[in-house]
Amino acid sequence: MDISLISQYFFHAIIMGIIYCLMAIGITFIYSIMKMINWSMGEFYMIGSYIQFFLLTSVIGYENWFFGIPLTIFIVFLIGMIYYRVLLKPMYVRGIERKDDYITIITLASVILFRNIMVVFYGPYIYSPKDYFPPVNFGTLPINGSKLVAAIGTAIIVGIFYCGIKKTWIGRAFQATAQNRVGVQIAGINPYRIDELSFGIGCALAAASGALLAPVFMVFPTNGAITTIKGFTIIILGGLGSIIGSVIGAMLLGFVEVFGSAFISASYRDIYGFILLLLVLAFKPKGLFGERERLV
Amino acid sequence: MIKMRIKIREDAITKIQAIAIVVVIIVAVIGGVLGYFYLYQKPPEEEAQPIKIGVLCPLSPPGAYGVGQFIKRGAYIAAKYINEHGGVLNRTIEIVVEDDAGTPEVGVSAAEKLITKDGVVAITGQYHSSVCLAVQDVCEQYHVPLLVTQASSVKITEKGLNYTFRPHVMDPDRVKFWYKWINERGFTRVAMIAEDTDYGLGLKQYCELWKDELAPDIELKIIIVPMASVDVTPQLLEIKDWNPDLLIDACTGATARLVVTQAYDIGLTPDVPILGAHDFPLEPGFWDSVGEKGEGIYFIGYYHPEMNLTDFGEEIRKMYFEEYGEAPIYAALNTAGNIWIIKQAIEQAGSADPEAIYQALRTGTFVTWNTENVKFPEEEGIYWHHFRMPMIIFQLTEVGQTLDDAKIIFTG
């Protein structure tokens with residue numbers, strides 16, 4: 001195997017890791033705040049890819065793709081908040097008591113609903129916007145321009161998200177709600193409002209991933225399925241609720257999959273991630289960065 | 001004592017009441033019997049009730065719902081043509097469509113519903129081999145003929161089921177055909193990326209089985225990927241490292257197209273040409289999703305607009321274009337052909353009874369969209385009830401080309 005090919009594997013592993021982490025952060029963020037798993041996360045990825053495709057083909061044109069991404073993020077943020085208010089908020093019966101089985105049913109049913117809505121609106125076809133950027137050559141290494149854009153875009157979004165959580169008032173409110181939902185109410189924070197925002201942000205992160213990757217992984221009703229599975233693998237690897245864990249877990253998964261394919265066999269690519277997951281869980285049952293919870 | 005006797009007489013029904021009750025019961029029984037005969041009894045066939053034919057195809061995810069739409073269209077066009085030309089046995093054809101979602105269990109329930117609730121006399125339209133393998137057992141159980149549209153696994157006919165008939169191409173036919181072309185073109189290192197379905201695994205099996213016999217001079221490398229993969233770059237990088245001179249794309253749906261785009265992105269194509277194992281480059285939206293990355297692609301197809309079709313095929317082609325504003329693809333034509341075969345079987349049997357249709361299919365000769373001598377021989381092994389469709393290798397050389405512009409490269 002020559003150095004050029006190893007560099008291609010290496011670069012691809014980094015790109016896949018970065019791409020996986022957006023989806024995983026979205027899932028883990030919602031879980032941290034709301035203590036719920038959004039099973040329809042992949043569908044928000046899919047909606048993001050469709051909205052980006054619609055904006056580029058019918059509203060702003062391909063040359064303005066960079067406006068399309070924030071616009072898509074904002075639209076899906078709003079969709080996520082509406083989804084929470086209409087479908088998830090009724091799960092709270094009295095104060096902080098809620099029906100968890102309700103969430104599972106609603107989010108799983110949404111998977112089927114959203115996929116079929118897209119079949120109704122866009123037909124059974126597979127679409128793809130044009131590449132955001134022409135191919136780039138690093139020496140003899142050809143790199144798809146859209147993948148490069150997706151990697152850089154993801155790094156920027158994760159950076160903004162991390163700063164927002166750590167440095168702003170609302171970020172602290174998110175952290176506080178994640179730590180103690182009863183306590184934040186005493187401090188004057190409305191946890192339902194925080195839930196609504198966090199669900200919108202989580203969905204928007206998935207949509208950002210969908211919009212950035214639309215030219216790479218194409219636009220079709222089931223394109224979110226794989227990324228969701230990877231997302232769940234990553235949050236277990238990194239530790240439920242840990243954002244740093246999601247980033248590290250995503251990079252690890254990217255590398256294990258790509259280099260397992262390179263040095264063992266590409267046919268078993270999906271197995272490598274699960275072997276890694278089993279190994280991590282055997283030694284650290286809470287995941288790499290998971291913390292022990294103490295419930296009072 | 002007297003008082004008591006009087007009371008008993010007051011509780012008992014009078015003679016008039018008894019007669020009234022008997023009359024009401026008689027009227028109810030007669031009414032019920034007459035009602036049954038007039039309202040619920042099946043009318044005799046002469047009363048021109050439509051003959052229902054079931055179309056079972058993928059219309060929603062995770063099935064190949066794109067192809068399912070064409071299967072449905074082909075069935076409707078054929079039924080329209082038949083009905084406009086007097087129907088069959090003085091009855092019209094009615095198409096009942098069900099979605100199998102590309103999932104065996106959904107397909108089984110849908111087939112049972114078509115047979116037991118809708119009362120279809122035959123079923124056609126199968127695309128996914130895995131679904132077809134489950135559905136054919138239901139058809140066998142209820143003695144309803146199944147005409148397969150585009151499911152190509154050998155197991156479907158190898159099972160030797162009585163009520164399954166397949167006028168299509170099988171994996172071994174495809175493999176034999178491309179080995180001929182590979183030998184003619186002189187390719188020596190052939191890589192194949194195949195999905196983990198009956199389709200992809202069947203192609204892998206026959207590629208390996210017949211390599212020494214049909215193409216002993218070539219080296220072969222096969223990689224299997226999950227059906228719904230969105231990233232096949234690591235697999236393609238492994239293939240690139242192996243230095244092939246031909247890449248066979250044996251995937252379906254979005255994965256087939258992702259192989260095309262991602263092979264281009266890593267610099268594998270266009271130096272190494274791609275051969276599509278079926279006609280996915282003709283599916284609508286192909287060029288929108290792959291752009292110039294798909295230029296030069298070869299693929300196996302079954303139909304070209306310049307081909308001589310039967311009269312029925314020509315009419316269907318014309319009607320399809322008028323109805324949908326585009327040329328039909330193979331899935332639509334073959335489904336239409338299957339409806340036409342069922343119509344001929346009904347005529348030959350002189351009855352729309354599924355058992356009679358089955359007997360006619362076993363022994364008769366039929367016309368379909370591209371040929372006039374369709375027979376379903378009871379050969380042992382994989383060719384049981386199987387009619388071999390001719391194949392062609394095409395090439396698309398520029399973005400936006402359709403089948404009309406496709407170059408015919410090889411006809412075997």
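In the text below, chain A, chain B and the rest are named by the order of the sequence lines, each starting its count at 1. No experiment lies behind these values; they were computed from the predicted model shown.
The greatest number of non-hydrogen atom pairs below 4.5 Å with chain A, out of B/I239, B/I223, B/L59, is found for B/I223. Your options are A/I126, A/N223, A/N116, and the one with the most heavy-atom pairs under 4.5 Å with chain B is A/I126. Note on B/V67, B/I224, B/V232: by heavy-atom pairs under 4.5 Å with chain A, the leading option is B/I224. Ranking A/R115, A/M218, A/E257 against chain B, the residue ahead of the rest is A/M218, based on heavy-atom pairs under 4.5 Å.
Contact of B/Q262 with chain A is made through the side chain alone, with heavy-atom distances under 4.5 Å. Using a 4.5 Å cut-off between heavy atoms, B/Q69 contacts chain A through its side chain alone, with no backbone atom that close. For chain B, the nearby part of A/Y127 is the backbone; its heavy atoms alone come within less than 4.5 Å. In this structure, the portions of A/P221 lying under 4.5 Å from any heavy atom of chain B include both its backbone and its side chain. Heavy-atom distances place no part of A/K130 under 4.5 Å from chain B, backbone and side chain included.
Two residues are said to be in side-chain contact when any heavy atoms from C-beta on lie closer than 4.5 Å; B/E238 and A/Y9 meet this criterion. Taking the side chain as every heavy atom from C-beta outward, A/H12 and B/D231 approach each other to under 4.5 Å.
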From CA spacing to verdict: side-chain contact (heavy atoms from CB on, under 4.5 Å), B/S60, A/V119 = CA-CA 7 Å; B/S60 61; A/V119 174; 5.7 Å; no
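Within a 6.0 Å sphere centred on CZ of A/F66, heavy atoms belonging to other residues, nucleotides or ligands number more than 12. For A/F133, the CZ atom is loosely surrounded, since the number of other residues' heavy atoms within 6.0 Å does not exceed 12.
Taking every heavy atom of both residues into account, B/D265 and A/N144 meet most closely at OD1-ND2, 3.0 Å.
Contact annotation for residues 288-300 of chain B against chain A (heavy-atom separation below 4.5 Å, listed by residue number): B/D288, B/S289, B/V290, B/K293.
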